Amino acid sequence: MKIAIFYFSGTGNTRRIAERFAETMRQRDNEVELLSIDGLTLEKKLPDSVWQTAVNCDLLGIGYPVYAFNAPPIVLSFAKKLPHLLKNKRAFLFNCSGEPLKLNNISSIKLCGILKRRRLNVTNEYHYCMPYNIMFRHSDEMALKMWQTARQLIPLDAEEILQGQKHLLERVGCGAAIAWAMRCEQWGGQLNGRMYSVSKDCVKCGKCVNDCPTHNIRITKNGKFRFGGKCLMCMRCAHLCPQNAIRIGMFNSWKVNGPYTFKQPKTEEERQRYNKMLTKAYERYFAEAEQRINATTVEPAAKRSE
Ligand SMILES: Cc1cc2nc3c(=O)[nH]c(=O)nc-3n(C[C@H](O)[C@H](O)[C@H](O)COP(=O)(O)O)c2cc1C
């Protein structure tokens, strides 16, 4: 089967998940093309090669991080640019978020509507808990546990998709109205994006300029930083800045700088932070995942490669 997986990832968590899906599906003898959405929405039309990939694949996947109980605008804009001629092709969605809240399941409502109009039939949808890139930093142990859980769940979910077993996430009542109201975050983000600034620690390495998925950051001739009005609040610039030199406007106290290592923490203090963070909701998420992993006796290729 020809599978095309498109994903957007602000700070790398969704990318990890997308890569795991691709790896697992390839191990089951499928032809998988993995494409980042970064840069694909800057032009009016999708590049011909991407258009062809979407038209020619048998199964299409889209992955994204949840932003204010919605899919990021770049993902919606990508979906709107997909061809209308997808002839009831099957599609699967996956997303990740910092909280294991059921409310996050409403994030795909608008996206599903757009895909339906493109004749895409969303039959499978999966959510994974991954560490926060805004608001607060998850402990290293918690981040590792989240990733290990997702890593083990993905082969099972991929198997379901490939076997043609439908799996959709349960949504809360009034989900469409809540998601619609929460989309004000997108305008707020654009407004706040203009308030970004750099501190004197900046060494003008240009990483943020090159990394920004909407090309929203530039350095003027006299060395000043300019942040435009296209910010997605994806946090890539601030999270990955090696100097921790970017201030994220009104939300600066929520900044989380430095990538997660997804390794076992070294200090006792870090280990203790895990226990503090393990609230009932996370406990339930991990327990349900563990139950599913233990109950599945499949011998998928990806499990063999663990
Ligand atoms: C602007 C913004 C809004 C977010 N909104 C939510 C949310 O509504 N619910 C949630 O659980 N996590 C939320 N998060 C957390 C991200 O979904 C989470 O950190 C995710 O793992 C980031 O994935 P990425 O590394 O692929 O960008 C939000 C993050 C950002 C930057």
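All values reported here derive from a predicted model rather than from experimental measurement. Each ligand, and each atom within it, is numbered from 1 in the order the structure gives. The figures that follow rest on heavy atoms only: side chains count, while hydrogens, waters and symmetry mates do not.
Within a 6.0 Å radius of CD in E170, other residues, nucleotides and ligands contribute 12 heavy atoms or fewer. For N210, the CG atom sits in a packed shell: over 12 heavy atoms of surrounding residues, nucleotides or ligands are nearer than 6.0 Å. In the displayed structure, Q264 atom CD is contacted under 6.0 Å by more than 12 heavy atoms of other residues, nucleotides or ligands.
The protein heavy-atom contact nearest to atom 23 (O) of ligand 1 is P65 CB, 3.3 Å. In terms of protein heavy-atom proximity, atom 4 (C) of ligand 1 is nearest to V66 O, 3.4 Å. The single protein non-hydrogen atom nearest to atom 2 (C) of ligand 1 is Y67 CD2, 3.6 Å, given as residue, atom name and distance. N133 ND2, 3.5 Å is the protein heavy atom nearest to atom 22 (C) of ligand 1. In terms of protein heavy-atom proximity, atom 10 (C) of ligand 1 is closest to S97 CB, 3.5 Å.
With contacts defined as side-chain heavy-atom distances shorter than 4.5 Å, the pair M146/F286 qualifies.
Under a 4.0 Å heavy-atom criterion, M182 is not in contact with ligand 1. Ligand 1 is approached by P131 to a heavy-atom distance shorter than 4.0 Å. The shortest separation from a heavy atom of L101 to ligand 1 is not under 4.0 Å, leaving the residue out of contact.
The N/O atoms of G12, backbone and side chain alike, include one that comes under 3.5 Å of an N/O atom in ligand 1. The shortest N or O to N or O distance between C234 and ligand 1 is not below 3.5 Å. Looking at G98 next to ligand 1, an N or O pair under 3.5 Å apart turns up.
Aromatic ring centres of Y64 and Y7 lie farther apart than the 6.0 Å criterion allows. Between F94 and F21, the gap from one ring centroid to the other is short of 6.0 Å.
Test T41, D38, L35 against F78 for side chain to side chain contact (heavy atoms under 4.5 Å, CB included) and you get one pass: T41.
Each of the atoms 7 (C), 8 (O), 9 (N), 10 (C), 11 (O) of ligand 1 lies under 4.0 Å from some heavy atom of N104. For ligand 1 and M233, the ligand atoms under 4.0 Å from any heavy atom of the residue are 1 (C), 31 (C). The contact set between ligand 1 and A68, taken as ligand atoms under 4.0 Å from a residue heavy atom, comprises 3 (C), 4 (C), 5 (N), 6 (C), 7 (C), 8 (O). Within ligand 1, counting atoms from 1 as listed, the ones closer than 4.0 Å to a heavy atom of Y132 are 10 (C), 11 (O), 12 (N), 13 (C), 14 (N), 15 (C), 19 (O). Which parts of ligand 1 touch C96 is read off a 4.0 Å heavy-atom cut-off, strictly below it: atoms 17 (O), 20 (C), 21 (O), 23 (O). Those atoms of ligand 1 with a heavy atom of M235 less than 4.0 angstrom away are 31 (C). Under a 4.0 Å criterion applied to the non-hydrogen atoms of G10, ligand 1 contributes the atoms 24 (P), 26 (O), 27 (O). In the vicinity of T11, heavy-atom distances shorter than 4.0 Å reach the ligand 1 atoms 24 (P), 25 (O), 27 (O).
Within the 4.0 Å heavy-atom criterion, the part of E185 lying near ligand 1 is the side chain and not the backbone. Under 4.0 Å from ligand 1, heavy atoms of N13 appear from its side chain as well as its backbone. Contacts between E99 and ligand 1, counted as non-hydrogen atom pairs separated by less than 4.0 Å, involve both the backbone and the side chain.
Using a 4.0 Å cut-off between a side-chain N of Lys or Arg and a carboxylate O of Asp or Glu, E160 and R292 qualify as a salt bridge.
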Go through it in stages, so that I can follow the logic: the residues are Q163 and E159, the test is side-chain hydrogen bond (donor to acceptor under 3.5 Å, both in side chains), and I'd like the CA-CA distance, side-chain angles, deciding distance and then a yes or no. CA-CA 6 Å; Q163 299 282 334; E159 191 71 29; 3.0 Å; yes
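Figure legend: K145 and Y274 shown without cation-pi pairing, the cationic atom not lying both under 6.0 angstrom from the six-membered ring centre and within 45 degrees of its axis. Relative to the six-membered ring of F262, R16 meets both conditions, a distance below 6.0 Å and an angle of at most 45° to the axis.
The hydrophobic cluster containing M235 also contains I246, counting ILVMFWY residues as joined when their side-chain heavy atoms lie under 4.5 angstrom apart, directly or transitively. I106 and I114 end up in different hydrophobic clusters when Ile, Leu, Val, Met, Phe, Trp and Tyr side chains are linked at under 4.5 Å.
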